[in-house]
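Here's the structure, in structure tokens; my notes come after.
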Amino acid sequence: MKHESIVVVYDSCQAIAEEIADKLGAETVSVQSMNIRQIENSQSLVLAVEFQDGGNLSPHWQYACQMFRGTSLNGKNLAVMVALGNRHENGIYADAFCHELRENGAHIVGDYLYADSPKFNLNNWICAISPNL
């Protein structure tokens with residue numbers, strides 16, 4: 001049974017997003033098709049964010065940021081996985097991205113997970129964030 005209040009948002013990493021959603025009993029949505037109503041109706045979001053060279057968000061995530069700015073995130077729990085881009089190069093950009101979400105009322109749960117990190121362990125990360133989603 002899907003837990004409708006948790007949504008896993010992804011761009012090009014659908015398989016990882018579906019694995020996360022399966023373990024959390026959540027639904028998945030492509031960042032390309034996400035809408036404000038889905039943001040408003042969810043209690044928690046897991047964001048599989050993608051950064052390009054130079055720390056810019058991918059175009060689809062840039063559009064998603066516009067939606068996040070256009071709706072209140074008060075009371076919403078967010079977990080962030082950097083699906084594309086690494087900790088060394090993009091850690092500061094992930095911090096800035098999450099800072100903006102916090103300014104709009106979001107509560108960031110757990111540590112960011114970097115998919116290209118040698119310490120990448122999706123199961124451990126899911127166990128760490130799930131009690132707070």
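Computed over heavy atoms, backbone and side chain alike; hydrogens, waters and symmetry mates excluded.
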Pairwise side-chain contact, [X] with [Y], heavy-atom cut-off 4.5 Å (strictly under):
| X | Y | value |
| --- | --- | --- |
| Gln14 | Thr28 | no |
| Phe51 | Leu57 | yes |
| Tyr112 | Asp95 | yes |

Where [X] and [Y] come nearest, the two heavy atoms and their spacing:
| X | Y | value |
| --- | --- | --- |
| Thr71 | Asn104 | O-ND2, 2.7 Å |
| Met34 | Phe68 | CE-CZ, 4.1 Å |
| Val80 | Trp125 | O-CZ2, 3.5 Å |
| Ala26 | Ile6 | CB-O, 3.2 Å |
| Val82 | Ala94 | CG2-CB, 4.1 Å |
| Met81 | Leu122 | SD-CD1, 4.3 Å |

Can you measure from [atom1] ([X]) to [atom2] ([Y]) and round to the nearest 0.5 angstrom?
| X | Y | atom1 | atom2 | result |
| --- | --- | --- | --- | --- |
| Cys98 | His107 | SG | NE2 | 11.5 Å |
| Glu103 | Arg69 | CD | CZ | 10.5 Å |
| Asn77 | Ser5 | CG | OG | 9.5 Å |
| Ser12 | His60 | OG | NE2 | 10.0 Å |
| Ile129 | Leu113 | CD1 | CG | 8.5 Å |
| Glu19 | Asn123 | CD | CG | 6.0 Å |

### Message
Side chains of Asp11 and Gln32 only: does a donor on one sit below 3.5 Å from an acceptor on the other?
### Response
yes

### Exam field: side chain Lys76 to backbone Ile39, donor-acceptor pair closer than 3.5 Å
yes

### Message
Can a donor-acceptor pair be found, under 3.5 Å and without considering hydrogens, that links the side chain of Glu100 to the backbone of Phe97?
### Response
no

### Within 6.0 Å of CG in Asp111, more than 12 heavy atoms from elsewhere
no

